[in-house]
Number of protein chains: 2
Amino acid sequence: MSNKRAGVIKALAHPSRLLIAESLMNGELCVCDLKDLVGADMSTVSKHLTLMREAGVLNCEKRGLNIYYTLACDCLGEFLRCVDKLATGGTKTKRCC
Amino acid sequence: MSNKRAGVIKALAHPSRLLIAESLMNGELCVCDLKDLVGADMSTVSKHLTLMREAGVLNCEKRGLNIYYTLACDCLGEFLRCVDKLATGGTKTKRCC
DNA sequence: ACATTAATTGGTCATTTAGCCAAATAGTTT
DNA sequence: AAACTATTTGGCTAAATGACCAATTAATGT
């Protein structure tokens with residue numbers, strides 16, 4: 001269904017969550033790493049991570065005291081390639097009417 | 001900046017907007033076509049379209065009484081390929097703690 | 001000029017989202 | 001078992017979002 005798809009996209013449609021996803025392209029990170037990276041309250045980051053996990057974008061694994069998050073799919077690069085093309089595509093903000 | 005990127009993603013992170021984007025992969029459509037497709041008030045659809053255009057995802061062109069919208073980039077297929085992989089990727093909703 | 005059609009804009013309202021803080025949970029170390 | 005560290009959960013509030021309706025703008029046809 002299109003709702004699950006939209007949920008996946010929504011899970012990446014936030015500056016902090018996008019930053020998290022990009023950082024995880026280089027390998028797993030635990031919540032406190034991501035908290036430092038994002039610069040928000042740990043509880044806020046944790047909620048972002050839960051959202052992303054529930055959407056199917058992230059997986060997690062607990063080892064010791066830490067919980068390590070990873071990307072659920074290695075296709076994020078191609079996803080971002082398209083996003084960047086759109087984001088940098090000229091000043092298309094022109095209206096036509 | 002990461003905010004522009006997130007804006008692009010956000011422009012696709014809604015079931016109606018995703019449907020609009022997918023429909024436009026087959027070529028331009030005017031607002032009333034899209035209104036029928038989405039099944040919402042025309043003003044609602046118009047606002048979705050404005051949002052998508054301002055994010056850089058769509059372009060528009062007025063001809064006669066109609067305004068035709070098109071995708072700003074043909075990369076949407078590869079974008080969706082990744083989204084679908086994530087959206088259908090097993091029951092990864094498992095938690096780890 | 002007037003009516004008609006396509007689309008956008010402004011207003012309002014209910015819902016969702018994002019952030020912080022405080023409290024709870026779970027594993028570790030002593 | 002008590003203190004410590006990492007993470008999640010619950011509660012709250014402010015801001016953003018999405019939907020509809022009514023009013024406006026713009027192009028066309030009469």
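Labels below follow one simple rule: chain letters A, B, ... track the order of the sequence lines, proteins then strands, and each chain is numbered from 1.
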Whole Å only: how far is the [atom1] atom of [X] from the [atom2] atom of [N]?
{"X": "B:K10", "N": "C:dA18", "atom1": "NZ", "atom2": "P", "value": "7 Å"}
{"X": "B:D33", "N": "C:dT5", "atom1": "CG", "atom2": "P", "value": "17 Å"}
{"X": "B:M42", "N": "D:dA23", "atom1": "CE", "atom2": "C1'", "value": "14 Å"}
{"X": "B:K35", "N": "D:dC21", "atom1": "NZ", "atom2": "C1'", "value": "15 Å"}
{"X": "A:Y68", "N": "D:dT8", "atom1": "OH", "atom2": "C1'", "value": "17 Å"}
{"X": "A:L51", "N": "D:dT7", "atom1": "CG", "atom2": "C1'", "value": "17 Å"}
{"X": "B:D41", "N": "D:dA19", "atom1": "CG", "atom2": "P", "value": "10 Å"}
{"X": "A:L65", "N": "C:dT30", "atom1": "CG", "atom2": "P", "value": "12 Å"}

Side-chain-base donor-acceptor pair under 3.5 Å for A:K47 and D:dG11
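When only heavy-atom distances are counted, A:K47 does reach the base of D:dG11 through a donor-acceptor pair under 3.5 Å.
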
By nearest heavy atom, map A:T44 and A:G64 onto DNA chain C; which one lands nearer the 5' end?
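Looking at DNA chain C, the more 5' nearest nucleotide goes with A:T44.
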
Tell me whether A:C73 and B:C82 have SG atoms closer together than 2.5 Å.
no

OP1, OP2 of [N] versus side-chain N and O of [X]: anything below 4.0 Å?
{"X": "B:Y69", "N": "C:dA6", "answer": "no"}
{"X": "A:H48", "N": "C:dG19", "answer": "yes"}
{"X": "B:S43", "N": "D:dC20", "answer": "no"}
{"X": "A:R95", "N": "C:dT9", "answer": "yes"}
{"X": "A:H14", "N": "C:dG19", "answer": "yes"}
{"X": "A:N66", "N": "D:dT7", "answer": "yes"}

Between [X] and [Y], does any side-chain N to carboxylate O distance fall below 4.0 Å?
{"X": "B:R5", "Y": "A:E22", "value": "yes"}
{"X": "B:R95", "Y": "A:E61", "value": "no"}
{"X": "B:E28", "Y": "B:R63", "value": "yes"}

Using atom types as modelled and distance alone, determine if a side-chain donor or acceptor of A:T50 lies under 3.5 Å from a backbone N or O of A:S46.
yes

Residue A:T50, side-chain atoms from C-beta onward, closest of C:dT8, C:dG27, D:dT9
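Nearest to the side-chain atoms of A:T50, counting from C-beta on, is D:dT9.
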
At 4.0 Å (heavy atoms only), tell me whether A:R63 reaches a base, stays on the sugar-phosphate, or touches nothing.
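Nothing, no heavy atom under 4.0 Å.
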
